[in-house]
Amino acid sequence: MLAVVACRAGLRRGAVSSAAPLFASARRSITMGPPRQDKLTTKKSDEQAFPGTEGAHIKDQPRSTEIANNKPEVTGDWVLFHPVYSPEELRSVEVLHREAKTASDKFAVAFAKVLRWGFDLVSGYKHKPIPPGANMSLEELQKGGYVMTEHDWLNRILFLESIAGVPGMVGATLRHLKSLRLMRRDAGWIHTLLEEAENERMHLMTFMTLRNPGILFRALILGAQGVFYNIFFFSYLLSPRTCHRFVGHLEEEAVLTYTRCIKEMEAGRLPVWVDHPAPEIAKDYWRLRPNATMLDVIYAVRSDETTHRFVNHSLANLKTDDINPFALREPNMHVKGRTVEFDRDASKHYVEESQEIVEKHKPH
């Protein structure tokens, strides 16, 4: 099974990597160094840690093709790491829900449900089940509130993505400042959180090509972002694990929303989008085929949200000073799409497996 990833510095477009059957997608190029087995806890800043603990270095990336003057050809992305999915991966996503196990989990679920309700209210999102045996036209379904128009979906998506980029940036900022204050390693969390924030922003940039919101909509986003940013900022100071659990549940809702959108498109209820060409920014970002459509874009966005669901639920199971198991690589969508999380033991095993892959690929 092949998985394709695009990295910022050094990986050519369409680079292909493979690993063990369960964890086939290599998240980053593998760095070299002595293995550090059996521990998930990070090292102090003056102690030797496993290479790649803080994230991959540009010199650890595969060399690009050399040109005539022996200088490396500049290729690859202008954004941070993000997955590029195979057709099989895009369709391996399942709508999953993690059951709350602790009081903190229940609080996170409740807050996610409240925020979902608020998003639905402000963006006008509705999804009433169509009555069995109903023989209504598309216009009748829309008037009855059973089906949303493309304009309605854009309202929902633009509002959702403008807020969804906040948690990753807040978490990365606070961990960055904590690392500076305490003068110790971050253990690779900052990279993953920044990548999540940028990924959500790229979703917004993609859908902005379809509609330029008016001043009222922008004002709503401004107010919602200001309120949510500050609430999440202070909440992350108090309990990072609760915040990551909350984001995991919020991403569960995002996966559900995009799954519904896909079903509507495949049922022909969003006719304007069915054959609408994918925006050029989307083709470049996800390495879509030249004749890709909006359906391909929605599939890719849903897979991204699935990644955030899996990563945040997994991070919520770790101690705040544990090594980020996804600093070097991530499982492919056949794992992330069907498994809601790694518990701490699974994360520890994944880190050890990454170290074994490093040793296997180390030149002798």
Side-chain angles (χ1 to χ4, degrees), residues 40 94-123 125 127 156 159-178 186-187 189-190 192-197 199-200 220-221 223-260 304-326 336 339-348:
L40 200 61
E94 297 178 5
V95 175
L96 302 174
H97 173 67
R98 182 189 184 277
E99 293 298 327
K101 301 175 183 178
T102 66
S104 174
D105 289 350
K106 293 177 181 178
F107 177 81
V109 172
F111 191 41
K113 294 293 184 183
V114 170
L115 202 62
R116 167 82 199 225
W117 174 84
F119 283 168
D120 292 350
L121 179 66
V122 174
S123 64
Y125 177 86
H127 200 274
R156 169 65 175 181
F159 192 84
L160 173 67
E161 298 297 350
S162 67
I163 304 301
V166 170
M169 183 60 68
V170 171
T173 299
L174 288 176
R175 290 193 66 95
H176 172 73
L177 295 176
K178 180 180 179 181
D186 168 68
W189 290 54
I190 294 174
T192 295
L193 297 176
L194 285 175
E195 289 158 3
E196 176 184 309
N199 181 254
E200 299 286 14
L220 285 173
I221 289 175
Q225 186 183 86
V227 172
F228 181 61
Y229 185 98
N230 285 285
I231 291 176
F232 196 82
F233 182 92
F234 289 108
S235 298
Y236 202 93
L237 287 173
L238 295 174
S239 179
R241 296 176 74 171
T242 303
C243 287
H244 284 295
R245 184 71 69 209
F246 159 76
V247 175
H249 286 295
L250 201 61
E251 298 295 354
E252 291 176 8
E253 299 295 332
V255 173
L256 175 61
T257 296
Y258 283 113
T259 298
R260 287 173 173 172
D304 285 343
E305 306 295 3
T306 303
T307 294
H308 304 326
R309 177 186 71 186
F310 176 84
V311 168
N312 277 280
H313 274 316
S314 298
L315 293 180
N317 294 330
L318 302 179
K319 299 177 181 178
T320 56
D321 60 349
D322 280 344
I323 291 174
N324 171 20
F326 313 117
K336 294 183 293 187
T339 307
V340 75
E341 64 183 347
F342 277 168
D343 59 21
R344 192 167 185 267
D345 288 338
S347 291
K348 176 182 175 181

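Computed over heavy atoms, backbone and side chain alike; hydrogens, waters and symmetry mates excluded.
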Undergrad: Any non-hydrogen side-chain atom of Glu200 less than 4.5 Å from a side-chain atom of Glu195?
TA: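 No, every pair of side-chain atoms sits at 4.5 Å or beyond.
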
Undergrad: Asp343: what forms a salt bridge (Lys or Arg N to Asp or Glu O under 4.0 Å) with it, not counting sequence neighbours?
TA: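 Applying salt bridge (Lys or Arg N to Asp or Glu O under 4.0 Å) to Asp343 gives none.
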
Undergrad: To the nearest 0.5 Å, tell me how far Leu315 CG sits from Phe326 CZ.
TA: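 Answer for the CG-CZ pair, Leu315 versus Phe326, is 6.0 Å.
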
Undergrad: Can you sort out the partners of Ser104 under side chain to side chain donor-acceptor pair (under 3.5 Å), two or more places apart, ordered by chain and number?
TA: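 If we apply the side chain to side chain donor-acceptor pair (under 3.5 Å) test to Ser104, skipping adjacent residues, the hits are Thr242.
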
Undergrad: Could you measure the distance from the CG atom of Asn317 to the OG atom of Ser347? Nearest 0.5 Å is fine.
TA: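 Spacing of CG (Asn317) from OG (Ser347) equals 7.0 Å.
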
Undergrad: Could you work out, with ring-ring contact (aromatic ring centres under 6.0 Å, His included) as the rule, every residue matching His97, not counting sequence neighbours?
TA: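 Scan of His97 (ring-ring contact (aromatic ring centres under 6.0 Å, His included), adjacent residues dropped) gives His249.
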
Undergrad: Sequence neighbours excluded, which residues qualify as side chain to side chain donor-acceptor pair (under 3.5 Å) partners of Ser314?
TA: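 Result, side chain to side chain donor-acceptor pair (under 3.5 Å) vs Ser314: none returned.
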
Undergrad: Taking only residues two or more places apart in sequence or in another chain, which ones pass side chain to side chain contact (heavy atoms under 4.5 Å, CB included) with Ile221?
TA: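 Side chain to side chain contact (heavy atoms under 4.5 Å, CB included) list for Ile221, sorted by chain: Phe159, Ser162, Phe217.
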
Undergrad: Could you grab the distance from atom CG of Leu174 to atom CE of Met169, nearest 0.5 Å is fine?
TA: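 Separation between the atoms: 11.5 Å.
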
Undergrad: Taking the side chain as every heavy atom from C-beta outward, state whether Thr306 and Phe310 have any atom pair closer than 4.5 Å.
TA: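 Side-chain contact under 4.5 Å: no.
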
Undergrad: Can you tell me how far the CG atom of Asp304 sits from the CD atom of Glu161, to the nearest 0.5 Å?
TA: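 Answer for the CG-CD pair, Asp304 versus Glu161, is 9.0 Å.
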
Undergrad: Can you check side-chain contact (heavy atoms from CB on, under 4.5 Å) on Leu250 and Arg309, steps first, answer last?
TA: CA-CA 8 Å; Leu250 201 61; Arg309 177 186 71 186; over 6 Å; no

Undergrad: Of the non-hydrogen atoms in Leu115 and Phe228, which two are nearest, and what is the gap between them?
TA: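 Distance-wise, the nearest heavy atoms are CD2-CE1, 3.8 Å.
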
Undergrad: Who passes side chain to side chain donor-acceptor pair (under 3.5 Å) against Arg116, sequence neighbours left out?
TA: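 Applying side chain to side chain donor-acceptor pair (under 3.5 Å) to Arg116 gives Asp120, Glu253, Thr257.
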
Undergrad: Please list, chain by chain and in numerical order, all residues satisfying salt bridge (Lys or Arg N to Asp or Glu O under 4.0 Å) with Lys106, sequence neighbours excluded.
TA: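 In terms of salt bridge (Lys or Arg N to Asp or Glu O under 4.0 Å), with neighbours along the sequence ignored, Lys106 is linked to no residue.
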
Undergrad: Using a 4.5 Å cut-off on heavy atoms from C-beta on, say whether the side chain of His308 contacts that of Asn199.
TA: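 Of all side-chain heavy-atom pairs linking His308 with Asn199, at least one is under 4.5 Å.
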
Undergrad: Any side-chain heavy atom of Phe232 within less than 4.5 Å of one from Cys243?
TA: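 Side chain of Phe232 against side chain of Cys243, heavy atoms only: contact under 4.5 Å found.
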
Undergrad: I need the full list of salt bridge (Lys or Arg N to Asp or Glu O under 4.0 Å) pairs touching residues 228-249, with sequence neighbours left out, sorted by first then second residue.
TA: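 As it turns out, the salt bridge (Lys or Arg N to Asp or Glu O under 4.0 Å) pairs with a partner in residues 228-249, which skip direct neighbours, are Asp105-Arg245, Arg245-Glu341.
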
Undergrad: Using ring-ring contact (aromatic ring centres under 6.0 Å, His included) as the criterion, list what pairs up with Phe233, not counting sequence neighbours.
TA: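 Expected list: none.
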
Undergrad: Carefully, step by step, assess Glu252 and His313 under the rule side chain to side chain donor-acceptor pair (under 3.5 Å).
TA: CA-CA 10 Å; Glu252 291 176 8; His313 274 316; 2.8 Å; yes

Undergrad: Can you tell me which residue pairs pass the side chain to side chain donor-acceptor pair (under 3.5 Å) test with a partner in residues 229-238, sequence neighbours excluded?
TA: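 Qualifying pairs, neighbours excluded: Tyr236-His244.
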
Undergrad: Considering only heavy atoms from C-beta outward, does the side chain of Ile163 approach that of Gln225 to under 4.5 Å?
TA: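 Of all side-chain heavy-atom pairs linking Gln225 with Ile163, at least one is under 4.5 Å.
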
Undergrad: With sequence neighbours left out, write down each residue that passes side chain to side chain contact (heavy atoms under 4.5 Å, CB included) with Ala172, or none if nothing qualifies.
TA: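 Listed in chain order: Ile190, Leu193, Leu194.
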
Undergrad: Which heavy atom of Gly248 sits nearest a heavy atom of Asn312, and at what distance?
TA: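 For Gly248 and Asn312, the tightest heavy-atom pair comes out as N-CB, 3.8 Å.
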
Undergrad: Taking C-beta and beyond as the side chain, do Lys348 and Ile323 meet within less than 4.5 Å on heavy atoms?
TA: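 Heavy-atom side-chain distance check fails, nothing below 4.5 Å.
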
Undergrad: Could you tell me whether the side chains of Lys336 and Thr307 share a donor-acceptor contact shorter than 3.5 Å?
TA: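 On atom types as modelled, these side chains qualify, holding a pair under 3.5 Å.
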
Undergrad: Say whether, by atom type as modelled, one donor and one acceptor occur between the side chain of Trp189 and the main chain of Gly171 under 3.5 angstrom.
TA: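 A pair under 3.5 Å: no.
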
Undergrad: Please list, chain by chain and in numerical order, all residues satisfying ring-ring contact (aromatic ring centres under 6.0 Å, His included) with Phe246, sequence neighbours excluded.
TA: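 With neighbours one apart ignored, the set is Phe111.
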
